[in-house]
Amino acid sequence: MPDFDNPAVADVLDTVGDLLEISGADKFRFLSYHKAAHALRAFPEDVMTLAAEERLTEVPGVGKKLAASIMALVDSGTFPELEAITAELPDTLVELVQVPGLGPKKAKVLYEELGVASVDDLETAIAAHRLDGLGGFGPKTIENLVAGIDAFRRHRQRALIADVLPFADRIVSAMRELGGTVDAAFAGSLRRRRETVGDVDVIVASTEPEAVMQAARTLPRAERIVAGGETKTSIVTTGGLQVDVRVVAPEQYGAALQYFTGSAEHNVALRAIAKGMGLKVNEYGVFRIADDVRIAGATEDDVYAALGMAMPPPELRENTGEIAAALAGTLPRLLELSDIRGDLHMHTVATDGKSTAEQNRTKAAELGYDYIAITDHAANLRMVGGLGVDALERQWELIDELNSRGDGPYLLKGIELNIDDNGDVDYDSSVLARFDIVLASLHSGWGQSRDVATRRVLRAMENPFIDVISHLTGRVLRRRDPIDLDIEAVMAKAAETGTALELNSYPDRLDLDDAHLRIAKRAGVRITLGTDSHEATQLGYMTYGVGQARRGWIEAAGVLNTLSLDGLRAQLKRGRAV
DNA sequence: GCCGTTTTCGGCCCGACTGTTTTCAGTCG
């Protein structure tokens, strides 16, 4: 039987949705596929389990029809609607509508009139002037498509949040300095702390809108102005990143921030609720439909209050349960950066790090931490000079010396072990017993089957000295797919053995992802946050881990390194065993 | 295709900007 995880099934649903849209299907029909895909990605139970127990309709947006189709997919590997639609349209059309400026309608024309079915086809057709004279494709449109193909190629991979957030902060600062600006912030997926972002949305409340638009047109690194109106300016930077700056009146600021923070799914659900109350929500405010009187909009709190609910933190706004919680007044109090008392994963010059333990300690003091764990690579990772027992002894002496100064964060003697093909690790018990904290992770075997890879992890968790499994899936955003694991089994074993799972906060890992975190929370698995720093300034990456944790509905109580040093020690396996 | 405090049918969110269209469709967020 084929094995699918939730994202894999969601991808199929999205493909069908895109192709249905291109084929001209009813809007609500193709939207329902995307809606179900979105819900499935965030759903805390495994699709295979749901299918086996005939509980697929418990996923919001999955009804009888989609449940039956998903059953067919997991049983036979084929999705009936996908088979039907690809008989008429090639699935490469899905990439065609990824080109900025090219939507489903134009894609359909290109395919039917010229046989263009991919971005490569489009480029060839433009070069051969085959679009000239085609209805709806004037010279300006063709010019935009050429730029769109370029942007697609350069930027088809969404940018890492860490590469965009500092830049967005600078834009916001520049907007704040303009005369007439009352407030400014970035919105969109960046504000929701998605792990990658496609563009930057900046909202400015100002009494001098033209000054804001002028500033937006002349932003540093602006390479091309995509749109320049009275309320919205879009530019593309030299790095291929699109920045949209919108200006609104101060009394509209909260509504605009809410609206452009999204997500689209969150807003759709919100507006449906508004409608039921005789209200309308748009980027200018909340209005009574009956007399078009504006009743809220200056702040986001007002907007949500007008709809009878508390304000969900931006990280939760994905329409995956936050609206019900906001209405019921049961929103979680999410983890905050200030809750973090220490960083539990970092490397030093002893292996492949660039900073010394002392430099990491200095940075940790700046961040106000009570403790950090020095977790260099263990012996079997020879490539990066993994530490033998002699080297460990030297590192421990150094740590003892630093701790004896009594003036900074406490350094825990840690290690990042390698889980080998059998689930065994670098050192025997006599060595493992001497650490304060032990992490273990996969560093090889990316192509292994789910069964083999899962067995390695489960066996490692049974080791009484292994406190934490770090970067569970081994994924590297935009470079390496996650290893295929039976997440449900991993979570169950983690809960059973008291093994914590790390949320690796290095920007291109952010592993666990938000869906894993929700599963972990539900299973009662404890989480640790570590930056996996290889250089002292990278200890600052903790903010990205916290953002991801918040997306996963994680609260401070579920995170071990929100505890005091003694509290943390008591929760590690060696602390619990005695 | 989904769903229910307007329930088993008939809804399903809303506006700015652009280009080509001479009155509006397509795209985007």
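Bear in mind the structure is a predicted one, so any value in this text is a computation, not a measurement. The chains referred to below are lettered A, B, ... by the order of the sequence lines, with proteins before strands, and numbering in each begins at 1.
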message: Expressed as a whole number of angstroms, how long is the span from I203(A):CD1 to dG29(B):P?
response: 13 Å
- prompt: Hey, does the side chain of S32(A) come within less than 4.0 Å of dC12(B)'s phosphate (OP1/OP2), counting only N and O?
  reply: no
message: For P209(A), run the side chain to side chain contact (heavy atoms under 4.5 Å, CB included) check against V247(A), T231(A), V204(A) and tell me which one passes.
response: V247(A)
message: We want to know whether E81(A) and S69(A) form a side-chain donor-acceptor pair, criterion being a heavy-atom distance below 3.5 angstrom.
response: yes
task: Take the protein atom NZ of K232(A) and the nucleotide atom P of dG29(B), then report the distance between them rounded to whole Å.
output: 7 Å
- prompt: So does Y259(A) reach the base of dG29(B) with its side chain, donor to acceptor, closer than 3.5 Å?
  reply: yes
query: Which of the following nucleotides, dC13(B), dC12(B), dG29(B), is nearest to the side chain of D26(A)?
result: dC12(B)
query: Can we say E195(A) and R475(A) salt-bridge, meaning some charged N sits less than 4.0 Å from an Asp/Glu carboxylate O?
result: yes
- request: Using the six-membered ring of F260(A), assess whether NZ or CZ of R246(A) lies under 6.0 Å from its centre and within 45 degrees of the ring axis.
  value: yes
query: Is the phosphate of dC13(B), meaning OP1 or OP2, less than 4.0 Å from a side-chain N or O of R271(A)?
result: no
query: What integer distance in Å separates I85(A):CD1 from dG1(B):P?
result: 11 Å
task: Could you tell me whether the side chains of Q258(A) and N267(A) share a donor-acceptor contact shorter than 3.5 Å?
output: yes
message: Looking at T231(A), I'd like to know whether one of its side-chain N or O atoms comes within less than 4.0 Å of OP1 or OP2 on dC17(B).
response: yes
message: Rounding to an integer number of Å, can you tell me how far I289(A) CD1 sits from dC13(B) P?
response: 12 Å
task: State whether N282(A) places a side-chain N or O below 4.0 Å from either non-bridging phosphate oxygen (OP1 or OP2) of dG15(B).
output: yes
message: Nearest to the side chain of E81(A), heavy atoms from C-beta on, is which of dG1(B), dG26(B), dC14(B)?
response: dG1(B)
- request: Among the candidates dA16(B), dC12(B), dG29(B), find the nucleotide nearest to the side-chain atoms of F260(A).
  value: dG29(B)
field: Nearest-Å distance once atom C1' is located in both dT7(B) and dC2(B)
entry: 13 Å
- request: Respond yes when some side-chain nitrogen or oxygen of Y284(A) is under 4.0 Å from OP1 or OP2 of dC13(B), and no when none is.
  value: no
Distance, C1' atom - from dC13(B) to dT8(B), rounded to whole angstrom: 24 Å
message: Check this for me, if you would: do E251(A) and R294(A) make a salt bridge, where the nitrogen-to-carboxylate-oxygen distance has to be below 4.0 angstrom?
response: no
field: Per P104(A) side chain, nearest of listed nucleotides dC17(B), dT27(B), dC14(B)
entry: dT27(B)
query: For the pair made of NZ in K140(A) and C1' in dG26(B), what is the distance, rounded to whole Å?
result: 16 Å
Parallel, tilted or perpendicular: ring planes of Y304(A) versus H266(A), cut at 30 and 60 degrees: tilted
task: Please state whether the rings of F30(A) and H34(A) are parallel, tilted or perpendicular, taking 30° and 60° as the class boundaries.
output: perpendicular
message: Work out how far the P atom of dC12(B) is from that of dT6(B), and round it to whole angstrom.
response: 14 Å
field: Residue met sooner reading DNA chain B from 5', once V281(A) and V62(A) are mapped to nucleotides
entry: V62(A)
Nucleotide N/O to protein N/O under 3.5 Å, stretch nucleotides 22-25 of chain B:
none

message: Between T320(A) and R518(A), do the side chains contain a donor N or O and an acceptor N or O under 3.5 Å apart?
response: yes
- request: Starting at atom CG of D199(A), determine the distance to atom P of dT27(B), rounded to an integer number of angstrom.
  value: 18 Å
- line: Whole-Å distance, Q252(A) CD to dG15(B) C1', equals 12 Å
- request: Would you kindly compare G278(A) and A67(A) by the position of their nearest DNA chain B nucleotide and give the one closer to the 5′ end?
  value: A67(A)
query: Which nucleotide in the set dG29(B), dC13(B), dT27(B) lies at the smallest distance from any side-chain heavy atom of K106(A)?
result: dT27(B)
query: Nearest of dG15(B), dG29(B), dT20(B) to any side-chain atom of Q242(A)?
result: dG29(B)
P gap between dT5(B) and dG1(B), integer Å: 23 Å
message: Rounded to whole Å, please give me the gap between CD in E58(A) and C1' in dC2(B).
response: 16 Å
